[in-house]
Each structure stands twice: as structure tokens, then as C-alpha cells.
Amino acid sequence: MCDYDRIFSIVTGKRHLYSAGNKIQSAIGRIVVVADAAHALGATRKGKKCGEVADFTSFSFHAVKNFTTSEGGGLTWKPIQGIDDEEIYKRLNLLSLHGQSKDALEKTKLGEWEYDVVGTYYKCNMTDVLAALGIAQLKRYPDMLDRRKEIIMTYDNTFKELPVQVLKHYGRDFSSSGHLYCVRILGKNRKECNVIMNQMAERGIATNVHYKPLPMLTAYKNIGFNIEEFPNAFDIFSNEITLPLYSKLTDEDVKYIVENLKACIGS
């Protein structure tokens, strides 16, 4: 999780410049803090869980996330004084169901077939089947987070002896969701790291890069972005390799990954 204390101090300090555009914005009385939490379900900072700090927080439950319903996501929000949670919930339902005032279940009730479309909104509702998968997975998610932490700690302890830099996942007042294990191979460039990735693949270990900077992608080049203007992003990308990290990895799997990374870096 990012430093929300700083973000809230900024938006609160500029409250006098704020002009609300609707009832909810008026009730909040400042710029709304919306978090794209993507895969951060389970992360904490200063005793608060991701999803209860920003005004609104969106999560992705895509197939590659720690917590998955194969597709879809979730949205949480903090209580807003003067605004009923039910009002926000109903508004979200409208936005996600083509603006229909009733869902399919409500329309099956006696005499309730008629409905209205109150706006030309979106089709992004989660199916009941996928939601059921999510509800079932919630029960096992704490154990999955614990297993991810075990794997990360094993990686961290082993890589202290290697010329690599790793992301710190856990500290005194924060804990990540352990979604990715990213290493930077010190003294190597992107071409050399790609060779290491190929060697790992030959040994049956899939690795990845997270992420290629946007200015290096064609769509962004075409609208004028130049990677030379983003040296920090390029520097992090230039020697980054992402190692396997998922709760079903066995201790033997982790040992195999570590041993082969050592060999590939030294080769």
C-alpha cells in the first residue's frame, strides 16, 4: 500500500480549492481518493487493510491475481457521512448492469416483470457463478497469504548472498499481498537478463518481467512518449526478472528455482 497519509494531507490541505459536482462529492468535501488496488487484497499498512483506507478501492479478481474468481473484481468504500451505503450500492448496480433498475432475480418476483433503464451505462457485473467461487476462496485466502509469505521469506534469505536487489514485502508497519516476487540482477542489462530468463525456461522455470514501461509500447510511442524522458522507469525495467510465486509451490520447487537462478546468474 502507498503512503495514504501524505495523499490525504494534500487533498485536505487543498480543500479550499475544491468544487463538488454531485451530492457524494459534496458530502466528502474534498478531492476523492480512489485506489486501484488490483492485486493488493490482503495487504496492510499501519494496522489498516487495503480497502479501508482510500475513499473507494477497486480490486481485480482476474485469473492471475492471488485471490481470483477467474474474471471480475470488487469495490469497497469508506462510510460517507450523510450518504447511505445502500444508495452507493444501488448506484453501482446501475452502472454495472446497463442502467437497468432491476436485476434478473428481482424481475422474476410476482408482478415485478417491469423495469426501467435509467442511463446508458456499462455491462461489467460479475456472474453469480464466479461470485460463488470468490466467496469460497475467501475462506482459504488467509492460508494462501501465509504460504506466499513463507515462499517470499525463503527467497529473501537465500538471495542475501546473490548480486540481486529484491522488493521488501514486509516491515514493522506494512505487509504486502505477496503478489509478485521481483528481483533486479545487479550488473546485468536487459539483454543479459533475457538470456538468464531463457536459461531458466530451458530448466522448466517460467519467469517474467514486471513491467515493460509504457513509453516503450507502440501505442504510447505513437502519441509522443519517449522512454528517454523516464530514466527511472527504464532503469528498473533494464535488469528486472520476476520469479514464480504462488501458494501451490512446494519447498522443493522453491529450492529448485533458487539453485537454478544461482547457476544462471553465474554462467
V118-Y122 co-clustered via ILVMFWY side chain contacts under 4.5 Å: yes

For L75 and F59, what are the C-alpha separation, side-chain angles and deciding distance, and is it a side-chain contact (heavy atoms from CB on, under 4.5 Å)? CA-CA 6 Å; L75 182 72; F59 296 96; over 6 Å; no

Identify, with sequence neighbours excluded, every residue that meets salt bridge (charged side-chain N to carboxylate O under 4.0 Å, His left out) alongside D251. R147

Got W77 and D55 here, is their nearest side-chain heavy-atom distance under 4.5 Å? no

Would one find more than 12 heavy atoms of other residues, nucleotides or ligands at under 6.0 Å from atom NZ of K90? no

Which atom of A20 lies closest to which atom of S26, heavy atoms considered: CB-OG, 3.3 Å

D128 atom CG: more than 12 heavy-atom contacts under 6.0 Å: no

Here the gap from N260 atom CG to I205 atom CD1, rounded to the nearest 0.5 Å, amounts to 4.0 Å

Is T69 reaching over with its side chain to a backbone N or O of G134, donor-acceptor style, under 3.5 angstrom? no

Take atom NZ in K102; do more than 12 heavy atoms of anything else shown fall under 6.0 Å from it? yes

Hey, what do you get for CG (D173) to CE (M1), rounding to the nearest 0.5 Å? 10.5 Å

Rounded to the nearest 0.5 Å, what separation is found between the CG atom of N222 and the CG atom of L217? 10.5 Å

Would D84 and Y89 satisfy side-chain contact (heavy atoms from CB on, under 4.5 Å), going step by step from the backbone distance to the final call? CA-CA 9 Å; D84 189 347; Y89 176 70; over 6 Å; no

Heavy-atom donor-acceptor pair, D235 side chain to P231 backbone, under 3.5 Å: no

Determine, for Y4 and R45, whether the Lys NZ or Arg CZ falls below 6.0 Å from the six-membered ring centre while staying within 45 degrees of the axis. no

P215 vs N226 side-chain heavy atoms within contact, under 4.5 Å: no

Measure the acute angle between the ring planes of Y181 and Y155, then classify it against the limits of 30° and 60° as parallel, tilted or perpendicular. tilted

Using 30° and 60° as the class limits, which term best fits the ring planes of F234 and F237: parallel, tilted or perpendicular? tilted

Euclidean distance, D146 CG relative to S247 OG, rounded to 0.5 Å: 11.0 Å

Are side-chain heavy atoms of S70 and F61 found at a separation under 4.5 Å? no

Between I196 and I185, is a side-chain contact (heavy atoms from CB on, under 4.5 Å) present by the stated rule, with each step listed? CA-CA 10 Å; I196 292 173; I185 313 298; 4.3 Å; yes

From OG1 (T108) to CH2 (W113), nearest 0.5 Å: 14.5 Å

Any Lys/Arg nitrogen of E87 or K23 sitting under 4.0 Å from an Asp/Glu carboxylate oxygen of the other? yes

With a 4.5 Å limit on heavy-atom distance, are the side chains of Q81 and I28 in contact? no

Between S9 and R6, which heavy-atom pair has the shortest distance, and what is it? OG-O, 2.7 Å

So do the side chains of C182 and T242 get within less than 4.5 Å of each other, counting heavy atoms only? yes

Within the 4.5 Å heavy-atom criterion, are L243 and L261 side-chain neighbours or not? yes

Return the orientation label for the F67 and Y141 ring planes: parallel under 30°, perpendicular over 60°, tilted otherwise. perpendicular

Same cluster or not: are I135 and M144 linked, directly or through other Ile, Leu, Val, Met, Phe, Trp or Tyr residues, by side-chain heavy atoms under 4.5 angstrom apart? no

Please check if atom NZ in K49 has more than 12 non-hydrogen atoms from other residues, nucleotides or ligands closer than 6.0 Å. no

State whether the side chain of Q165 and the backbone N or O of V183 hold a donor-acceptor pair below 3.5 Å, judged by distance alone. no

Between T127 and L130 (side chain of the first, backbone of the second, donor and acceptor by atom type, cut-off under 3.5 Å), is there such a pair? yes

Specify the closest pair of heavy atoms between K221 and M216, including all atoms of both residues, with the distance to one decimal. CE-O, 3.2 Å

Point-to-point distance, once rounded to the nearest 0.5 Å, from NE2 of H210 to CD1 of I236: 14.5 Å

So, are D143 and R148 salt-bridged, with charged N and O less than 4.0 Å apart? no

Start with the C-alpha distance between N194 and E192, add both sets of side-chain angles, then the distance that settles side-chain contact (heavy atoms from CB on, under 4.5 Å), and finish with yes or no. CA-CA 5 Å; N194 289 345; E192 292 169 324; over 6 Å; no

Applying the 4.5 Å side-chain criterion to the ILVMFWY set and letting contacts propagate, would L180 and V166 be lumped into a single cluster? no

Between C264 and M200, what is the shortest heavy-atom contact and its length? SG-SD, 3.9 Å

Keeping T76 on the side-chain end and G51 on the backbone end, is there a donor-acceptor pair under 3.5 Å? yes

Please tell me whether Y170 and L249 are part of a single hydrophobic cluster in this structure, the criterion being side-chain heavy atoms less than 4.5 Å apart. yes

Does some side-chain heavy atom of S238 sit less than 4.5 Å from a side-chain heavy atom of N189? no

Are more than 12 heavy atoms from other residues, nucleotides or ligands located less than 6.0 Å from atom CD of E228? no

Flag, side chain of T68 to backbone of K65, donor-acceptor distance under 3.5 Å: no

What closest approach, in Å, do I152 and G178 show between heavy atoms, and which atom pair accounts for it? CD1-CA, 3.6 Å

For Y115, is the NZ or CZ atom of K107 found under 6.0 angstrom from the centre of its six-membered ring and inside 45 degrees of the ring axis? yes

Within the side chain of H98, is there an N or O that forms a donor-acceptor pair under 3.5 Å with the backbone of Q100? no

Side chain to side chain, L41 and N66, heavy atoms closer than 4.5 Å: no

Pairing donors with acceptors under 3.5 angstrom, does anything connect the side chains of N125 and K123? yes

For the backbone of E86 and the side chain of R91, can you confirm whether one donor and one acceptor N or O come within less than 3.5 Å of each other? no

Side chain R30, main chain T12, donor-acceptor under 3.5 Å: no

May I ask you to check if K46 and F174 form a cation-pi contact, with NZ or CZ under 6.0 angstrom from the six-membered ring centre and within 45° of the axis? no

What's the shortest heavy-atom distance between I265 and K188, and which atoms? O-NZ, 3.9 Å

Let me check something: do Y211 and L167 share a hydrophobic cluster, defined by ILVMFWY side-chain heavy atoms less than 4.5 Å apart, either directly or through other members? no

